[in-house]
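In what follows, a structure is listed as C-alpha cells, so that the remarks can point back to it.
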Amino acid sequence: MKKILNNPADYVDEMLEGMVAAHPEIYAQPVRRVIARAAGAKTGKVGIVTGGGSGHLPIFAGYVGAGLLDACAIGDVFASPSAEQMAEAIRLADGGAGVLRLYGNYGGDVMNFDMAGEMAEMEHDIRTTTVLLTDDVVSAPKEEAEKRRGVAGMVYAFKIAGAAAERGDNLDEVTRIAQKAADACRSIGMALTPCTIPQAGKPTFEIGETEMEMGMGIHGEPGIWRDAIKPADEIADEMLERLMADQPLAKGDRISILVNSLGATPAEELYILYRHAKKVLDAAGIEIVMPLVGRYATSMEMTGATITMIKLDDEMEDLLKARAECAFWRV
Amino acid sequence: MKKILNNPADYVDEMLEGMVAAHPEIYAQPVRRVIARAAGAKTGKVGIVTGGGSGHLPIFAGYVGAGLLDACAIGDVFASPSAEQMAEAIRLADGGAGVLRLYGNYGGDVMNFDMAGEMAEMEHDIRTTTVLLTDDVVSAPKEEAEKRRGVAGMVYAFKIAGAAAERGDNLDEVTRIAQKAADACRSIGMALTPCTIPQAGKPTFEIGETEMEMGMGIHGEPGIWRDAIKPADEIADEMLERLMADQPLAKGDRISILVNSLGATPAEELYILYRHAKKVLDAAGIEIVMPLVGRYATSMEMTGATITMIKLDDEMEDLLKARAECAFWRV
Amino acid sequence: MIDSKAISEALKRIASHTAAASEELCAADGALGDGDLGITVSKGFAEAATAELPDDVGMALLEVAKAFQRVSSSSYGTLLATGFMAAAKLEKGKPGIEPEEMPGLVAAARDAMMARGKGNLGDKTVLDSLDAVASALEGTSPHVMVETTINAAGETLKRYRDLPNKLGRARMFGEKSRGLVDPGQLAFLRIVEGLRYEPHES
Amino acid sequence: MIDSKAISEALKRIASHTAAASEELCAADGALGDGDLGITVSKGFAEAATAELPDDVGMALLEVAKAFQRVSSSSYGTLLATGFMAAAKLEKGKPGIEPEEMPGLVAAARDAMMARGKGNLGDKTVLDSLDAVASALEGTSPHVMVETTINAAGETLKRYRDLPNKLGRARMFGEKSRGLVDPGQLAFLRIVEGLRYEPHES
Ligand SMILES: Nc1ncnc2c1ncn2[C@@H]1O[C@H](COP(=O)(O)OP(=O)(O)O)[C@@H](O)[C@H]1O
Ligand SMILES: Nc1ncnc2c1ncn2[C@@H]1O[C@H](COP(=O)(O)OP(=O)(O)O)[C@@H](O)[C@H]1O
Ligand SMILES: [Mg+2]
Ligand SMILES: [Mg+2]
Ligand SMILES: [Mg+2]
Ligand SMILES: [Mg+2]
C-alpha cells in the first residue's frame, strides 16, 4: 500500500485533525467526525449539511465554508457516517431557520441521514428537508434516474444552494434551488487505476496495465466498458456524448462544466480534456460559464477523471458566481 | 503509460491551450509556450518572469497572475524552455521598470535564462536581474548550497516577490526581497512512486512495491535513502529534522510551511503529515503563519510529498499575506 | 407493565447474549456481506445497556435508538434504531408498555424499517422476522410472549434459508445466497433469545 | 573581409554538412548523454542559414545567435548562441570581419561560453575545441585559416578521446567516458568542416 499514513484505523481522524489544524479560521470539529464552520451557525440563516464517507477531499468536509456548507458528518473511508454524527451536523448547522440535507444518493447514507433528520426534529425541533444528488448517468438508466449515485455534481449543488442560503433565502427556497441544481447536473467518470482503502490495505479493483474503464464509479463501482486506453479527445467525446444524450443541450444553452481529477490524474491532463470539451461545446454553440478544472471530488490516489455539466438558468448562474470560500476553493 | 493524452508530442501545447481556454481572464499565450497575464504588463511595475519544464503544475505557468508572476516560459516535460521563449517572457513582462528572473537552479534553465536576459537587454534595453531558488537541502551539502536545486520554495518566492512588485517596489527592491525569500526557504521531498514523461512513455525510475525514497528530487533525482515505507509521523519527523538542521529555528521564530503533494498523494495524507508537523513545531515554540497544504508543485502523477519551510520576518509575512490570484491559488 | 427498569435489564441480558454470538454473526455476514454484523449488534446493545434510561418509556426507547445510531453506521444498526424510534414515538409520555401493546409496537417497528430501508416482506431480511413475531404475538398471553417470539424468529430463519436474498449487500449474491441463513434474521434470533437469557453471575 | 553575405553562404554550407552528420552526432551524444545533439546542431544551422542577415555583421551574428536560441533549448544550442553573441557584441556596427580579428572572436566566444556554462578548459567539451582553434589561428594567413581550424578541431578530438568527461551529462559517466569522443567536440569538427564543404548542387 503506497500511502502516507500511521495506523490505518486513525486515517480519518488524523486527516480531520490536520485539516482543522491547517485551517482553523474555516473549519472546526466540535464533535468527533463532524466538521462545522469555525464561526458557528449564523442565526436566521438556513443551514446546509452534507455527509458521506472519507477519501474524497475536498468532498465532503472540505466544502464547509462561507457561501457553501454549514456542517458535515464524516464516515470511515468510503463508508457512511452514523446517524448520530449526521444528527450532530444538523444540530450544528441550525441557525433557527431549518436545515437542508444535501448529499449523494447512497443507500447507507440515505438511511442514516433520514434517521438523523427524524432525531433532530424529535429532539431539537429542527425542521429539515432533503435533496439527493443523482448525477452519475451511468449508474442507472434514465427511467430509473432516482436510483443514480451522486458524484461530482455535488460541487455545483453545494455552491448554488450555499449561495442561496447565504443571501437569506428560506428553507423552502433553498430546498427548491438545491433540487433544481441537482436536477440540472449530469456526470460521468472514467478510471485508469484504483485506490486503496487504508483499512483494507489492497486496491479497490484490478485493471490491466494498458486498460481504462469508462463509467466507473468513485468507489470503483463497475462502469460500461473496459478496453485499451483511448486518446484523450476520444475519451472526452464519449463522455460528452453520454452526458448530452441524457440531458440534451441546444445552441444558446448555458452550462458550467467541471473536469475533475479522481486524484492522481494531473492538472496537465485535465486541461487536455478541457481543451477538447470546449471545442466540442463551442462548435455546438453552447456557452460555458465559470468552467472548473481541478481536483474537486476525488477518490484518494485513483487515476481517472470525471466530467460534470450543469445546465444553468439566470438564477443558478448568479448563485454559482456568488462569493464563497473554503480551504479548497474560493469564488 | 496510464495517462490521459493524445499524441505525446502535443502534451505540453494542448495542456497550455486548455489552461488558457479555461481561464482566459487570467492567462494568455501571446507567443507559443509563453504564458503572460491576460491583462498584459502593467506600466511602471517591475515584471517577474519564471520558466522551466512542464509537468509541475501549478509550477511554473500556473502562478502567472495578479500579485504573483507576469510571464513564464514553458519547456517540454521536465526540459528547459529555449532562451528565445524566455526572452519573449521577459519582453512580455516588461512594464518599463525592469524584470526579475526568478526560477529554479537547473543547469539548462540557468544557461538559457542568462542568455535570454542578455538578449532582452541587447534588443529591447530591458534591465534584468536574477534570483535562483536553491531550496532542496538534499541536493548538495550546506557548504555548496549554491548548487542546490530549486523546488517548492518557488511558491513562496513567487508570492513574496510578486507582492513586492505589485505594490510598486523598484527592481532592486523586488530583487532584494526575492533573494531574501529564496534564502529563507528550505525544502525536502520523499517519493513512493514515479511518474511518466509522455514522450518517454516509461516511468522515470523504479522502486519496490513497499519502498519509499527520502530526499528524492522532483524529476526523480536520487535521494538519501530508500527503504520500507515508514509511518507518516516518522516521515514528517525526519523531514523536519533535516530542514531544521540546515536552518536552525528557535522558540519564537515565525515560519510558513508548505506540505505539498507531488501529484497522486491525496489531500487526506497531506493533512496527516501536517498534523504531526504542527505538533512538532508547536512543541518547539515555533509559530506557523499561513500554512499551505495541497498540490502547489507537482511531478504529474508521482506519489510523494515535499515539505518547505520559510523563515519569515515582518516584511516577508506582510507580502506573503497580500492579495494574489491565479487559477490555482487565491490569497 | 414493562417499565424503563425492565427494558434496561432486558438490554443487559441481550448485550451479554449477543456479545457471545458476535463471532457467529460476523461469520454469517462475511458469507453474504461485509462481515461486520456481529460488531454492529454487540456494540449497539452494549452501548444501549449502559445508557441511563429515563422513566418515560418512550424517551427510554429513544435513548436505545440513539445508542445504536451512535456506535454504528451499518444498515442493521440504523434499522434497529429506526425500529426502536418508531416504538418510542408510540410510547412517548407513558410510564410503561402494556403487554397487549407488544404486537402493535413490533408491527410499527417493522413498518418504519420498511420505509427506511425501502425493503419488502419476502426479501429475506430482518423485516420478515419482525413480521412473523408481530403476527405470532397477536393475542398471546404475557407469560409465553418471550418463547413465542423466539419460536417465530427461529421459524423465519428456517423458512427463508433456501430462498434467495433480495435486498442489501446479500442481494448481489443472487442464487448463491440460497442455503445460507440471512445474517440479519440470525441476529434477530440471537437478540430475542437474550430476552430469556439468565446470566451466570447473577 | 568577411561580410554578411559571406557569413550567410558559410552558414548554408555548414547547414548542409551538419545535416549529413546529424545521425552520427546523435549517436555520439546517445553514448554519453541524451542523444539530441545531431538535431540541435542541424536544426540550429538550418534555421540560421535561412535567416535574413542585416549588413551590420554584428547584427548578423546576433541573428545567428537568435536562430540557435529559437530552435533548441539543449546545452549546445545555447552555448553556440552564446558564442555567436559574444562575437556579435565585438562586431556591432561594422560592415565586415577582418581576418586578423578571427582569433580574438573565437577566444571571445570561448570565454563567453565558459562563463555561461561554468566550464573549464580540460573538461573535455567544445570549449577545448574553441581554445585550440583560437590559439592555432593566432598569426595565421587568411587563406589557410579554414584548414588550420579544421586541423585544430580534429586534433582536439583525438587528444581528449581517452580522457574522462568532466562537465554536462557526460560527466555522470565518469571513467566510462574514456575512449569515447566528446559529442560536442565532434560536432564542432563537423561544423568547421562545413566551412570548406562544396555543395554538389552549386
Ligand atoms: N434495506 C434493508 N431493509 C431491511 N433489512 C436490511 C436492509 N439491508 C440490510 N438488511 C438486513 O441487515 C442485514 C445486514 O446488516 P449489516 O451487516 O449491518 O449490513 P451492511 O454491513 O451491508 O450495511 C441483512 O442480513 C438484512 O437482514
Ligand atoms: N556546461 C558546458 N560548458 C561547455 N560545454 C558543454 C557544457 N555542457 C555540455 N557541453 C558540451 O555540449 C555537448 C552536449 O550538448 P547537448 O547534447 O546539447 O547537451 P544536453 O542535451 O545534455 O543539454 C557536450 O558534449 C559538451 O561538449
Ligand atoms: Mg454487514
Ligand atoms: Mg457494513
Ligand atoms: Mg544532448
Ligand atoms: Mg538535451
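Chain identifiers are assigned alphabetically (A, B, ...) following the order of the sequence lines, protein sequences preceding nucleic acid strands; residue numbering begins at 1 within each chain. Since we're looking at a predicted model, the values are computed, not measured. Just the heavy atoms: all of them, side chains too, but no hydrogens, waters or symmetry mates, feed the values below.
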Scored by heavy-atom pairs under 4.5 Å with chain A, the best of B:A277, B:G294, B:G18 is B:G18
Tell me, out of A:M212, A:R295, A:E301, who's got the most heavy-atom pairs with chain B below 4.5 Å. A:R295
Taking every heavy-atom pair that is under 4.5 Å apart, which of B:A327, B:A264, B:P198 has the most such pairs with chain A? B:A264
Region of B:K278 in contact with chain A, defined by heavy-atom distances below 4.5 Å: side chain
On a heavy-atom basis, the closest approach of B:N6 and A:P231 is OD1-CB, 3.5 Å
Where does A:K2 contact chain B at under 4.5 Å (heavy atoms): side chain, backbone, both or neither? both
Considering all heavy atoms, the nearest A:A22-B:P291 contact: O-CG, 3.4 Å
Closest non-hydrogen contact found for A:A21 with B:Y274 is C-CE2, 3.7 Å
B:Y11, part contacting chain A, at a heavy-atom distance under 4.5 Å: both
Sort out for me which of A:E325, A:E25, A:M190, A:E211 touches chain B most, counting heavy-atom pairs under 4.5 Å. A:E211
Any idea which of A:D233, A:I229, A:V293, A:I235 has the most non-hydrogen atom pairs under 4.5 angstrom with chain B? A:D233
Should A:I4 and B:I272 count as side-chain neighbours, where that means a heavy-atom distance under 4.5 Å? no
Proximal component of B:T210, with respect to chain A [non-hydrogen, under 4.5 Å]: backbone
Pick one of side chain, backbone, both or neither for B:H56, based on which atoms fall under 4.5 Å of a heavy atom in chain A. backbone
Which of the residues A:S261, A:A232, A:G55, A:G62 is involved in the greatest number of heavy-atom pairs with chain B at under 4.5 angstrom? A:A232
Proximity breakdown for A:L273 and chain B, heavy-atom pairs closer than 4.5 Å: side chain
Result for side chain to side chain contact (heavy atoms under 4.5 Å, CB included) between B:R275 and one of A:M19, A:E14, A:M15 points to A:E14
Check whether A:M1 gets within reach of chain B through its side chain, its backbone, both or neither, counting any heavy atom under 4.5 Å. backbone
When you measure from the side chain of B:E268 to the backbone N and O of A:M300, does any donor-acceptor pair fall under 3.5 Å? no
